[in-house]
There are 2 protein chains.
Amino acid sequence: MVKRTSFEGDSCPIARSLEAIGDWWSLLIIREALFGLRRFGEFQSKLGMAKNILSARLRSLVDHGILATAPASDGSAYQEYVLTPKGRGTFPILVALRQWSEEFDDHPEQIATVLVDREKGRPIRKLEMRAEDGRLLTPADTMVKLRPPPRRRSA
Amino acid sequence: MVKRTSFEGDSCPIARSLEAIGDWWSLLIIREALFGLRRFGEFQSKLGMAKNILSARLRSLVDHGILATAPASDGSAYQEYVLTPKGRGTFPILVALRQWSEEFDDHPEQIATVLVDREKGRPIRKLEMRAEDGRLLTPADTMVKLRPPPRRRSA
DNA sequence: CTTGTGTGGTTGCATCATAAAACCATATGC
DNA sequence: GCATATGGTTTTATGATGCAACCACACAAG
């Protein structure tokens, strides 16, 4: 079996995220969902992707608890796909991807949109990493540490 | 032509990011690179991936300006792959993925590591989106706006 | 009741990417 | 010179993707 190398049991949280949303379409579907889309046909026409793949992706996102199927809303007897809290929780990931593109893309003039805050209409700040005490951190200021074992109440 | 649907010309910055780092392995390679790995064999043994794919990914990352090949450093006459500033700029993306996993993973006990600040050894803060004036923003507080055209000096 | 049309999918097939292993090239140790 | 480790490329099988065609259901018109 060749199996596309699943990261399901991996202990790295990044790999685990990628397992759920690390493919080509999932994040774009989530982006559209955050933008307000809910119906199969809306996603399909907006993203221009094959319907079978959209179907498979939606199912996968539902399985991962990122989308949930709601019975309907306009009475159409069809399904709607709405973001769960877990799904809305991907927003910082999308923002980080967007800002990376804005900062480093070789052809930034081809980027058509800006993310702004609704109230003032001004671009949002760049995401920054801060320590618990508020110090601004660069990658070099951080390290990964083994997580302390989940100490059950003392044997 | 079936062609895996390139987003190269897409105007969405998220799609443009995914074009460069949206596949299964690229972000994991970058993660290891941020961790300090540089050599082909290091990546290969750490990630356990097929060498041909690693080769293709490294080449793609170099083409995208995320990695650069350095002639050597220990005199081995071989190549090293080091992150460019653009490559290091992906750090917030990795942090966002990590934090999403930490917050929403169905089996958080399987996550083995924590990202801490090197100085204090304490976990870093959750990324947050803020407006230009510092207000904390939720997804609902934001919207995408068409980028104003790049106004060349008045015709 | 039958037909038509739009939405929401599933199925089939051709093509592409991925994975595993074998193979090749260069450098180093003996 | 010969074995071995490193750094890849080639070969081949299989899974994933993309497109088009098809199917199922709801609703409306005739």
Side-chain angles (χ1 to χ4, degrees), chain A residues 1-10 15 18-29 32-33 36-64 67-82, chain B residues 1-10 15 18-29 32-33 36-64 67-82:
Chain A
M1 190 141 54
V2 183
K3 196 48 182 68
R4 207 197 148 101
T5 339
S6 165
F7 298 113
E8 206 165 355
D10 200 297
L18 293 177
E19 175 71 19
I21 55 173
D23 71 277
W24 284 74
W25 289 112
S26 294
L27 276 171
L28 296 177
I29 292 172
E32 297 304 329
L37 300 199
R38 298 166 159 245
R39 296 290 282 264
F40 187 96
E42 289 178 325
F43 290 111
Q44 207 268 319
S45 62
K46 192 81 194 308
L47 292 171
M49 65 193 293
K51 298 203 288 179
N52 53 350
I53 307 228
L54 175 57
S55 181
R57 284 287 156 272
L58 288 174
R59 195 167 15 218
S60 164
L61 290 170
V62 169
D63 287 347
H64 280 97
L67 292 176
T69 53
S73 83
D74 64 338
S76 299
Y78 287 119
Q79 283 186 344
E80 285 189 348
Y81 299 89
V82 295
Chain B
M1 191 143 51
V2 181
K3 196 46 182 67
R4 205 197 149 99
T5 338
S6 164
F7 298 112
E8 207 166 355
D10 200 297
L18 293 177
E19 175 71 19
I21 54 173
D23 71 278
W24 284 73
W25 290 112
S26 294
L27 277 171
L28 296 177
I29 292 171
E32 298 304 330
L37 300 198
R38 297 165 160 247
R39 297 289 283 265
F40 187 94
E42 290 178 325
F43 290 112
Q44 206 267 319
S45 62
K46 192 80 194 308
L47 291 171
M49 64 193 293
K51 298 203 288 181
N52 53 351
I53 306 225
L54 175 57
S55 181
R57 283 288 155 271
L58 288 174
R59 196 166 16 220
S60 164
L61 289 169
V62 169
D63 287 346
H64 279 97
L67 293 175
T69 55
S73 84
D74 63 339
S76 299
Y78 288 118
Q79 282 187 345
E80 286 188 347
Y81 299 89
V82 295

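Every chain is numbered from 1 and lettered A, B, ... according to where its sequence line falls, protein lines coming before strand lines.
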Quiz item: What is the minimum heavy-atom distance between A/Ser26 and A/Ala20, and which atoms define it?
Solution: OG-O, 4.1 Å
Exercise. Please confirm whether the backbone N or O of A/Phe40 pairs with a side-chain atom of A/Gln44, one donor and one acceptor, at under 3.5 Å?
Key: no
In whole angstroms, how far is the [atom2] atom of [N] from the [atom1] atom of [X]?
X       : N      : atom1 : atom2 : result
B/Arg38 : D/dG7  : CZ    : C1'   : 17 Å
A/Phe43 : C/dT7  : CZ    : P     : 16 Å
A/Met49 : C/dG9  : CE    : P     : 13 Å
B/Leu54 : C/dA17 : CG    : C1'   : 16 Å
B/Gln79 : C/dA27 : CD    : P     : 13 Å
A/Gln44 : C/dG8  : CD    : P     : 10 Å
B/Ile29 : D/dG8  : CD1   : P     : 12 Å
B/Ile53 : C/dA17 : CD1   : P     : 11 Å

Side-chain N or O of [X] less than 4.0 angstrom from OP1 or OP2 on [N]?
X       : N      : value
B/Arg59 : D/dT9  : yes
B/Trp25 : C/dT18 : no
A/Arg39 : C/dT7  : no
B/Tyr81 : D/dG8  : yes

Can you tell which of [options] lies closest to the side chain of [X]?
X       : options               : value
B/Lys51 : D/dG8, C/dG9, C/dA19  : D/dG8
B/Asn52 : C/dT11, C/dA19, C/dG6 : C/dA19
A/Tyr78 : D/dC25, D/dG7, C/dG9  : D/dC25

Quiz item: How many angstroms lie between atom CG of B/Leu67 and atom OH of B/Tyr81, to the nearest 0.5 angstrom?
Solution: 9.0 Å
Quiz item: How many angstroms lie between atom OG1 of B/Thr69 and atom CG of B/Leu61, to the nearest 0.5 angstrom?
Solution: 12.5 Å
Practice problem: Scan residues 44-57 of chain A for pairs that pass salt bridge (charged side-chain N to carboxylate O under 4.0 Å, His left out), counting only residues two or more places apart or in two chains. | Solution: A/Asp23-A/Arg57, A/Glu32-A/Lys46
Self-check item: Residue whose closest nucleotide on DNA chain D lies nearer the 5' end, A/Arg57 versus B/Ser55
Solution: B/Ser55
